[in-house]
Asker: 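The following block contains the structure, expressed as structure tokens.
Read the numbers this way: they start at 1 and go in the same order the structure lists the ligands and their atoms. The shown structure was predicted, so the numbers you read here are calculated from the model rather than taken from an experiment.
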Amino acid sequence: MLRIAIQSKGRLNEESLTLLQDIGIEVDAPKRKLLSRSQTFPIEALYLRDDDIPGVVAGGTAALGIVGLNEVEEKGAQVDVLCRLGFGGCRLSLAIPKGETYEGPEWFSGRRIATSYPNILRKFLKNTKIDAIIEEITGSVEIAPAVGIADAIFDIVSSGSTLIANGLKEVETVFESEAVLIARPGLSEDEQALVDDLLFRIESENVSRGKKYLLMNLPKASLDEAIRILPAMRSPTVMPLASGDWCSLHHLTR
Ligand code: PRT
Ligand code: ZN
């Protein structure tokens with residue numbers, strides 16, 4: 001039996017559950033219980049705050065977790081990132097008041113930067129040899145410059161509209177993130193077999209997501225033309241029909 005840590009509420013919760021559902025794994029939503037065993041796969045979901053997921057997986061309480069790569073990086077957790085999941089896309093960026101002139105990272109020298117991601121920021125400042133002051137705050141980071149807590153911020157950006165609404169502009173993208181599946185290193189043979197099954201299902205789901213199954217019966221004489229016209233139809237499946245000069249063409253397409 002595998003235990004998988006999932007965000008209990010927040011931006012990744014719904015899509016994490018949808019992903020599991022899409023690959024045939026039903027678990028109860030976190031409203032009812034914080035630990036929910038699936039009836040369709042030997043797995044149980046453990047619902048947690050996203051900040052706790054990397055540590056719980058690294059520490060072995062859960063074999064797997066679904067969490068933003070930003071959290072894995074920030075916590076420096078010793079986990080294996082098995083695959084990117086294609087949702088929860090965002091970036092960690094530096095932003096400054098929109099009226100400021102920006103010519104490069106030297107702008108940040110001696111300035112105060114508010115963030116909930118001090119470790120990723122510290123690494124960036126070290127690599128760019130910038131000496132700035134990190135003001136660690138846990139929420140409402142975007143408001144920090146306006147209220148005088150900091151000169152700039154380092155925070156998650158997705159559409160960018162929160163920055164604009166707070167009179168800020170994005171000047172450096174430091175880290176690109178999305179939801180990832182993580183695993184505790186050194187899984188047992190049985191656990192690894194289940195994880196391989198899960199990864200196979202996720203991969204199949206990714207391949208088919210957003211695609212359509214095309215089925216077309218047509219005269220054999222028109223087959224070459226159909227393959228030429230139809231999008232990305234490199235190698236369709238062609239099956240004979242009872243009527244000898246007709247065939248059936250099947251293909252997965254976008
Ligand atoms: O309660 P818990 O601790 O579990 O949740 P949380 O509040 O810490 O995290 P949550 O649910 O907000 O986000 C979970 C994860 O979603 C993050 O760690 C990221 O990996 C991912 N993600 C994707 C985002 C965003 N997009 C995002 N836009 N996390 C936060 N935001 C914030 C951003 O900071 C900004 O304040 O949303 C706001 C709007 O962004 P714009 O740029 O679209 O305006
Ligand atoms: Zn959190």
Asker: Residue-level breakdown please: for Glu142 versus ligand 1, do any non-hydrogen atoms fall below 4.0 Å on the side chain, on the backbone, on both, or on neither?
Answerer: side chain
Asker: Check the surroundings of atom NZ in Lys169: do more than 12 heavy atoms from other residues, nucleotides or ligands lie under 6.0 Å from it?
Answerer: yes
Asker: If the contact criterion is a heavy-atom separation under 4.0 Å, does Glu178 count as touching ligand 1?
Answerer: no
Asker: Show your working on salt bridge (Lys or Arg N to Asp or Glu O under 4.0 Å) between Asp224 and Arg228 and close with a plain yes or no.
Answerer: CA-CA 6 Å; Asp224 286 349; Arg228 190 169 49 76; over 6 Å; no
Asker: Is a side-chain donor-acceptor pair under 3.5 Å present for Glu170 with Ser93?
Answerer: yes
Asker: Is there side-chain contact between Met216 and His250, with heavy atoms separated by less than 4.5 Å?
Answerer: no
Asker: Salt bridge check: are Arg112 and Asp151 linked by an N-O gap of less than 4.0 Å?
Answerer: yes
Asker: Suppose I only count heavy atoms of Lys9 and a 4.0 Å limit; which atoms of ligand 1 are within that range?
Answerer: 4 (O)
Asker: Counting no waters, how many protein N/O/S atoms sit under 2.8 Å from the Zn ion (ligand 2)?
Answerer: 2
Asker: Has ligand 1 got any nitrogen or oxygen that is less than 3.5 angstrom from a nitrogen or oxygen of Ser161?
Answerer: yes
Asker: Considering residues, nucleotides and ligands other than Asp131, do more than 12 of their heavy atoms fall under 6.0 Å from its CG?
Answerer: no
Asker: Tell me which one of Val180, Leu64, Ile182, Leu198 satisfies side-chain contact (heavy atoms from CB on, under 4.5 Å) with Leu82.
Answerer: Leu64
Asker: In the protein, what heavy atom is nearest to atom 5 (O) of ligand 1, and what distance, to one decimal place, separates them?
Answerer: Gln7 NE2, 2.9 Å
Asker: For ligand 1, which atoms sit closer than 4.0 Å to a heavy atom of Gly88?
Answerer: 21 (C), 23 (C)
Asker: Strictly below 4.0 Å, N to O, side chains only: are Glu176 and Arg91 in salt-bridge contact?
Answerer: no
Asker: Look at atom 8 (O) of ligand 1 and say which protein heavy atom is nearest, naming residue and atom and giving the distance to 0.1 Å.
Answerer: Asp50 OD1, 3.3 Å
Asker: For atom 41 (P) of ligand 1, what is the nearest protein heavy atom, given as residue, atom name and distance?
Answerer: Ser159 OG, 3.4 Å
Asker: Side-chain donor-acceptor contacts of residues 103-110 below 3.5 Å, not counting sequence neighbours, with atom names and distances?
Answerer:
{"unit_1": "Trp107", "atom_1": "NE1", "unit_2": "Glu100", "atom_2": "OE1", "d": "3.2"}
{"unit_1": "Ser109", "atom_1": "OG", "unit_2": "Glu106", "atom_2": "O", "d": "3.4"}

Asker: Please state which protein non-hydrogen atom is closest to atom 40 (O) of ligand 1 and give its distance, to 0.1 Å?
Answerer: Thr162 OG1, 3.6 Å
Asker: Is there a continuous path of hydrophobic side-chain contacts, each under 4.5 Å between heavy atoms, that joins Leu168 to Ile134?
Answerer: no
Asker: Check whether any protein heavy atom sits under 4.0 Å from atom 1 (O) of ligand 1.
Answerer: yes
Asker: Are the side chain of Gln7 and the backbone of Lys9 linked by a donor-acceptor contact shorter than 3.5 Å?
Answerer: yes
Asker: Using a 4.0 Å cutoff against the non-hydrogen atoms of Gly68, which atoms of ligand 1 qualify?
Answerer: 20 (O)
Asker: Less than 4.0 Å between a side-chain N and a carboxylate O, is that true for Glu71 and Lys75?
Answerer: yes
Asker: Between Asp196 and Gln192, is there a side-chain heavy-atom distance shorter than 4.5 Å?
Answerer: yes
Asker: Nearest protein heavy atom to atom 30 (C) of ligand 1, by residue and atom, and its distance?
Answerer: Arg11 NE, 3.3 Å
Asker: Using a heavy-atom cut-off of under 4.0 Å, does the side chain or the backbone of Leu48 touch ligand 1, or both, or neither?
Answerer: neither
Asker: Taking CZ in Arg122 as the centre, count heavy atoms belonging to other residues, nucleotides or ligands within less than 6.0 Å. Is the count above 12?
Answerer: yes
Asker: Select one of side chain, backbone, both or neither to describe which atoms of Cys90 lie under 4.0 Å from any atom of ligand 1, heavy atoms only.
Answerer: side chain
Asker: Is the contact between Leu12 and ligand 1 made by the side chain, the backbone, both, or neither, using heavy atoms and a 4.0 Å cut-off?
Answerer: side chain
Asker: Checking a contact table here: which protein heavy atom is nearest atom 34 (O) of ligand 1, and how many Å away?
Answerer: Ile156 O, 3.2 Å
Asker: More than 12 heavy atoms of other residues, nucleotides or ligands under 6.0 Å from CD of Glu14: yes or no?
Answerer: no
Asker: Determine, stepwise, if the pair Glu136 / Tyr117 fulfils side-chain hydrogen bond (donor to acceptor under 3.5 Å, both in side chains).
Answerer: CA-CA 8 Å; Glu136 191 174 340; Tyr117 292 90; over 6 Å; no
Asker: Using a strict cut-off of 4.0 Å, indicate which atoms of ligand 1 neighbour a heavy atom of Asp51.
Answerer: 3 (O), 8 (O)
Asker: Which ligand 1 atoms does Gly10 reach within 4.0 Å, using its non-hydrogen atoms?
Answerer: 11 (O)
Asker: Checking a contact table here: which protein heavy atom is nearest atom 28 (N) of ligand 1, and how many Å away?
Answerer: Ser158 CB, 3.2 Å
Asker: Below 4.0 angstrom from a heavy atom of Val157, which ligand 1 atoms are there? Numbered from 1 as shown, please.
Answerer: 42 (O)
Asker: So which heavy atom in the protein is nearest atom 18 (O) of ligand 1, and how far is it from that ligand atom?
Answerer: Asn70 ND2, 2.9 Å
